[in-house]
Structure formats: structure tokens, C-alpha cells
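In what follows, a structure is listed as C-alpha cells, so that the remarks can point back to it.
Values below: all heavy atoms of this structure, side chains included; hydrogens, waters and symmetry mates excluded. All ligand and atom numbering here is 1-based and tracks the order in the structure.
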Amino acid sequence: MKAVQATAPGKPFVLAECPIPQPGPREVRVRIEACGICHSDMFVREGLFPGIAYPRIPGHEVVGTIDAMGSEVRDWNVGNRVGVGWHGGHCFTCSACRSGDFLLCARGKVTGISGDGGYAEFMTAPQEALARVPDGMDPAEASPLMCAGVTTYNGLRHAGALAGDLVAVLGVGGLGHLGIQFSHAMGFRTVALSSGPDKADLAHTLGADAYIDMKAEDPSQALQKMGGARVILATAPNSATISRLIDGLGRNGKMVLLGVDSQPIQVSPLQLIGGRKSVTGWPSGHALDSEDTLNFARKTGIRAMVERFPLARAEEAYQVMIGNKARFRVVLTI
Ligand SMILES: [Zn+2]
Ligand SMILES: [Zn+2]
């Protein structure tokens with residue numbers, strides 16, 4: 001099969017001819033139709049994740065069809081349309097798994113990092129890592145929902161806001177354009193935040209009730225004028241901006257961090273204690289969370305905006321994504 005590999009940290013991806021993988025007893029083999037490129041693929045490309053064995057096929061926004069199954073696979077059949085996301089399987093026996101919190105499994109596998117991922121014609125995946133993909137969903141539009149989508153959807157639905165509450169989405173990019181749509185569809189009063197006036201129209205089109213240009217006004221004051229945010233979904237990984245936004249939280253407000261920045265966030269205890277405010281993170285979702293994301297998106301008409309590249313142009317597509325030259329998400333079609 002054709003596959004794109006990272007051969008060593010820091011080296012460009014190469015297109016290679018690889019053996020078609022065989023599923024283990026509790027695994028399926030997926031004939032891949034599309035795989036999104038995520039900023040986290042940088043972990044493989046640059047060797048930023050401990051213990052990666054090279055060569056490695058990256059990709060954890062996978063959509064395809066089951067074409068072979070191990071002998072112990074239950075509840076799935078050849079021909080089922082499936083997605084595989086960041087969460088690539090769990091152990092069932094660690095403390096987190098015994099409590100049912102599979103997402104925090106101590107031995108959790110990461111698709112495209114612990115094993116080969118979706119920049120290929122085929123991959124294998126454990127049965128517990130599979131999400132059902134609704135019929136009729138375009139694989140290229142479904143694939144970003146397996147990471148960018150489930151991260152924003154799941155982060156939002158667990159953040160404690162109720163219908164009608166003020167929810168702010170920081171960033172109108174790859175994650176943010178999905179976060180705004182999810183927030184609107186979940187019934188939150190949605191305000192989008194970005195720098196400059198040019199994203200305002202798009203934010204409104206995506207469902208934002210209001211837009212704050214952080215260059216033109218103090219975003220925390222603007223949020224306080226609206227009553228203070230119950231949730232701020234920080235999709236843009238910029239710790240300095242996030243620090244500026246803490247005072248935009250209302251009573252019991254929660255800052256939910258999704259994007260990774262290496263710089264610390266500055267917040268004083270005084271900013272949090274009085275209004276019982278908090279800063280927290282949210283890590284993607286397990287397979288059923290991804291399935292919920294796909295179904296919710298299908299039901300509410302939410303769509304990822306994608307730029308498509310063939311598998312052979314994976315390195316170029318990666319550079320477009322990582323260099324922030326893509327407006328939203330980049331997807332390899334296979
Ligand atoms: Zn990702
Ligand atoms: Zn576990």
C-alpha cells in the first residue's frame with residue numbers, strides 16, 4: 001500500500017510502499033478514505049513525543065471503511081464506516097479505565113504515535129477506538145471532527161454552561177470555527193474573539209451572536225459588558241492572550257484550554273477566588289465522544305471547512321497546516 005512516513009525527527013515526510021497491515025484478534029483494518037492533518041502531527045514529524053519508533057505513519061483524524069477484522073471483534077462488520085481519532089485504545093485495567101474514564105487511561109494509545117496512523121491507504125485500529133460515521137457524510141469533512149471537532153464539542157459540553165449562557169470562543173481558525181458552530185448549536189449565547197475586524201463576518205456566519213476585536217477593545221471589559229462569560233473556550237494557543245481574558249469570566253466562569261502553548265498563563269489567585277472562577281484543560285475524547293460529535297454535527301448541519309490534498313502531497317499539506325497558511329483544516333484524501 002501507499003503510505004506517508006516520518007522516517008526520523010525533523011525530516012520531511014516521504015511517500016513509501018509498505019505492506020498492508022493485518023489486524024490483531026481485537027482489531028479491525030480500515031480502508032482509509034480521508035485523514036486530517038492536525039497540529040499535533042508535529043509531535044511525530046519533529047520527534048516531540050517520547051518513545052516514537054521510526055519510521056512512523058502519522059495521522060489521527062481518520063475516516064474510512066472496515067475491510068478486515070480480527071477473530072474477537074464484536075459489534076462491528078466489514079463495510080461499516082468508521083472514524084479513528086487521537087484516542088487510539090485503552091487498557092481496561094488501570095485505575096482510570098476501572099473507573100470508566102478511558103480517555104485518561106495510563107496506558108492509552110495515541111493513533112499515529114503509539115502505532116501507525118492514517119496517512120496511508122490502510123491502518124489497523126483496536127475495536128474500542130472506533131466511532132461510527134453517519135451515512136452520507138463526506139469523509140474529508142468528517143475527518144477533522146475526529147480531533148478538532150471532538151475536542152471543541154466535548155470540551156464545551158462538559159464545561160458546565162447551560163442553554164442561554166454566555167460562551168466565548170477565542171480564535172476563529174481550525175478549532176475555533178468548529179467551536180463557534182458547536183456553541184451556537186448547543187444554545188449558548190456565543191461570542192467569538194479574534195484580533196482585527198476581518199473575522200467578524202465569518203464569525204457571524206458560523207453562528208456567533210457577537211464578535212470582539214481584541215485589537216480594538218479590551219476583550220475582558222467587552223465580555224463583562226455582556227455579563228461575563230460562563231465559559232471561555234480557548235482554541236487559539238496563545239498564553240498571553242488567554243491571560244488577558246481571565247477577567248472576562250463571569251461568576252463561576254471557566255476558562256477551558258484546548259490549544260497547547262509552551263508559555264505559562266498568568267493569573268493571580270485574586271482573579272479566581274472571589275467569583276469562584278477556574279482555568280482547566282480538556283483532552284479530546286474517546287471513540288464514543290467522537291461518534292457523538294459526528295452525529296451532533298450531522299444533525300445540526302455543522303461542517304468543517306477543509307482544504308484537500310492527495311496523499312502524495314502530504315509534506316506540502318503539512319507545511320500549509322503548520323505554517324498557518326490554511327484558514328481552517330487540511331485533509332489528505334486517499
Ligand atoms: Zn489532533
Ligand atoms: Zn487504562
Would you check, one step at a time, whether the test salt bridge (charged side-chain N to carboxylate O under 4.0 Å, His left out) holds for Glu121 with Lys2? CA-CA 6 Å; Glu121 291 178 310; Lys2 295 216 167 11; 5.8 Å; no
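Judged by distance alone, the side chain of Arg29 and the main-chain N or O of Pro21 form a donor-acceptor pair under 3.5 Å. Put simply, the side chain of Asp209 gets close to the backbone of Thr190: a donor and an acceptor are under 3.5 Å apart.
The NE2 atom of His60, the Zn ion (ligand 1) and the SG atom of Cys147 define an angle of 110° (nearest 10 degrees). Expressed to the nearest 10°, the angle at the Zn ion (ligand 2) joining SG in Cys105 with SG in Cys97 is 100°.
Contact annotation: Cys91 places an N, O or S atom under 2.8 Å from the Zn ion (ligand 2). Not a single N/O/S atom of His39, whether from backbone or side chain, sits less than 2.8 Å from the Zn ion (ligand 1).
Side-chain contact between Trp76 and Arg132: present, with at least one pair of heavy atoms (C-beta onward) separated by less than 4.5 Å.
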